[in-house]
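Every heavy atom of this structure was used, including side-chain atoms; hydrogens, water molecules and symmetry mates were not. Proteins come first, then strands; the chains are lettered A, B, ... in the order of their sequence lines, and each starts at number 1.
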Protein chains: 2
Amino acid sequence: MSQTVDRALSILPLLAEGPADLGRVADRLGVHKSTALRLLRTLHDHGFVYRQADQRYRLGARLISLAQEAMENLDVREIAHPHLVRLNEQVGHTVHLAVHEEGEVLYIDKVESRYPVRMYSRIGKPVAITVAAVAKLLLADLPENERRAVVDQLDYPMYTARSTPNADGFLKELAKVREQGWATDLGGHEESINCVAAPIRGADGRVVAAMSVSAPNVVVTADELLTLLPLVRRTADAISGEYSGRTPVKEVTT
Amino acid sequence: MSQTVDRALSILPLLAEGPADLGRVADRLGVHKSTALRLLRTLHDHGFVYRQADQRYRLGARLISLAQEAMENLDVREIAHPHLVRLNEQVGHTVHLAVHEEGEVLYIDKVESRYPVRMYSRIGKPVAITVAAVAKLLLADLPENERRAVVDQLDYPMYTARSTPNADGFLKELAKVREQGWATDLGGHEESINCVAAPIRGADGRVVAAMSVSAPNVVVTADELLTLLPLVRRTADAISGEYSGRTPVKEVTT
DNA sequence: AATGACCGTTGCACACAATGCAACACTGCG
DNA sequence: CGCAGTGTTGCATTGTGTGCAACGGTCATT
């Protein structure tokens, strides 16, 4: 692993917290100012950091445009989006789409509730993996050994009294989810918010993404939300069909 | 400038074009495969690239979450402030900066007029949403359904004879504002006070804030105030440029 | 005005870390 | 069964990144 690149890349999350000046960056990296300067310069030349008027550095536009491109290249997202919008129009609540990557689960699309009360989430943000309904679906589908590995190295924060407490409980929950083919999160992350989720599968039957509908108690009860399950599953199945049906991208050759 | 980092960063735009395998990356960089491998590994460890099932590399999720976090932590006020001060020095009148949040529009910065006659406003205070020029800009940019939702649940107090009377009239005004890219409030809130406002846009083109210049009739007429419009718009554009991270200096890079 | 403190910046010599090479391991294919 | 195509590893070399110290600018303090 390359030390120089390692250091340079470590600057980016640091700057994501907010603008920082040269000294601060050097300190946080544990390197000499001149070293930090040269790293920042290189990042700057590539547009990854931007130097604002007061000479402090912040993340640059290139990063944002790259992220945008990265999302566009996710073909599940592209296919799923219109379905998510339609579902949102029917039920009114917030709809999420998430994928698993390297031990994390992230939201890659979101259609906001039309009710004024919204839940906090962010595209690109890692979800609360031990409790989120979409995370359960994605992890439940992993091969035994991978699942075990991921589950073991997780923390199990008790967001609420109903959060998943430990690895054992989580594995049981995953088994159940895999069995029934859908998942819920009933107040496991935020006391007053419930979700129902369904998996999206590729041609080989493996789960490639998961989608969920979330709503706070003040709008609908958990039981009412559960009545939407068939609709959510049908939507997920429709996306699965389209995703596995034809070639997603215009792959080169023959 | 650091060669290693330079090469590593060059990989990212390359991968943005689509997934690539090791050989392709090495070729495009003009380096040995082993070198490319080590760079990719480092990028991988930081989550910037993701290795998909067929061993090819893709842009990773970390990129997306970083960009999102960066945008969230971007402080419009901080960036805008010097511009507002400069504008105030040029025109002398009160300058406001406002954002939209949860159905309300709030002033988040203000530079006082240097004329003795000042208008009443307060940072953090919700603005008169149905008449204020900045509010029109912020609401005009919302997606159709959200805009409708906000507009419908508003009251339409008749501060003056020229206040927006009802939802229909407001929607028409918003359409006009969106069309022309700027807004005014001519005596709609207080009989003797006029404003001109312009939008500040983020990297994705969406309106993130709005700024305005306000002055009472006793100092300048509405017509005179309107002559400042180009200057206000230029200032807003300058802030937009800086906010979205486009480098204003001599940089050329790709 | 003069002083000092604080940043960012630059040139340089040294050492270490990144590089390319060649050999190796693995996979699928003819 | 070998062959061609991958990705991967150990190693010697040198080029490249590093820390240091000195410089230059800006700002606040006296």
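A donor N or O paired with an acceptor N or O is found under 3.5 Å between the base of D/dG19 and the side-chain atoms of A/Arg38.
The shortest heavy-atom contact between A/Ile108 and A/Met71 is O-SD, 4.3 Å. Pairing each heavy atom of B/Leu225 with each of B/Ala215, the nearest pair is CD1-CB, 4.2 Å.
In this structure, A/Asp6 atom CG and D/dG17 atom P are separated by 15 Å, rounded to whole Å. Between B/His32 atom NE2 and D/dG15 atom P the separation is 17 Å, expressed in whole Å. One atom, CG of B/Leu37, and another, C1' of D/dG5, lie 16 Å apart when rounded to the nearest Å. Note: CG (A/Leu39) to C1' (D/dG19) measures 13 Å, nearest angstrom.
The side chain of B/Lys33 lies closest to D/dT8, out of D/dA21, D/dT9, D/dT8.
Residue-level contact check: A/Ser34 touches the bases, meaning some heavy atom is under 4.0 Å from a base atom.
Within the structure, every side-chain polar atom (N or O) of A/Thr35 is placed at least 4.0 Å from both OP1 and OP2 of D/dG17. At the phosphate of D/dG5, neither OP1 nor OP2 sits under 4.0 Å from any side-chain N or O atom of B/Arg24. For D/dT18, one of the phosphate oxygens OP1 or OP2 lies less than 4.0 angstrom from a side-chain nitrogen or oxygen of A/Arg7. In terms of phosphate contacts, B/Gln3 brings a side-chain nitrogen or oxygen within less than 4.0 Å of OP1 or OP2 of D/dT16.
Side-chain atoms of A/Asp109 do not come within 3.5 Å of backbone N or O of A/Ala98 as any donor-acceptor pair. Side-chain atoms of B/Glu104 do not come within 3.5 Å of backbone N or O of B/Pro126 as any donor-acceptor pair. Side chain of A/Arg58 to backbone of A/Leu15: no donor-acceptor contact under 3.5 angstrom is found. Between the side chain of B/Thr42 and the main chain of A/Val5, no donor-acceptor pair closer than 3.5 Å is present. A donor-acceptor pair under 3.5 Å is absent between the side-chain atoms of B/Ser212 and the main chain of B/Ala197, judged by distance alone.
By the 6.0 Å contact criterion, CD on A/Glu78 is open, its count of non-hydrogen atoms from other residues, nucleotides or ligands being 12 or less.
Between A/Tyr156 and A/Phe170, the ring planes are perpendicular. Angles over 60° get that label, and only those under 30° would be called parallel.
Only at 4.0 angstrom or more do the heavy atoms of residues 14-22 of chain A sit from any atom of DNA chain D, so none qualifies.
Mapping heavy-atom proximity under 4.0 Å, the span of DNA chain C touched by chain A runs 5' to 3' from C/dG8 to C/dA18.
Terminal axes of the helix from C/dA1-D/dT30 to C/dG30-D/dC1 (five pairs each, C1' rotation axis) are separated by 30°, to the nearest 10°.
No salt bridge links A/Glu17 with A/Arg24; every basic N to acidic carboxylate O contact stays at or beyond 4.0 Å. The pair A/Lys176-A/Glu179 does not count as a salt bridge, with every side-chain nitrogen at least 4.0 angstrom from each carboxylate oxygen. Residues A/Asp152 and A/Arg148 are paired through a salt bridge, judged by an N-O separation under 4.0 Å between the basic side chain and the carboxylate.
Of the two residues near DNA chain C, A/Thr4 and A/Tyr57, the one whose nearest nucleotide lies more 5' is A/Tyr57.
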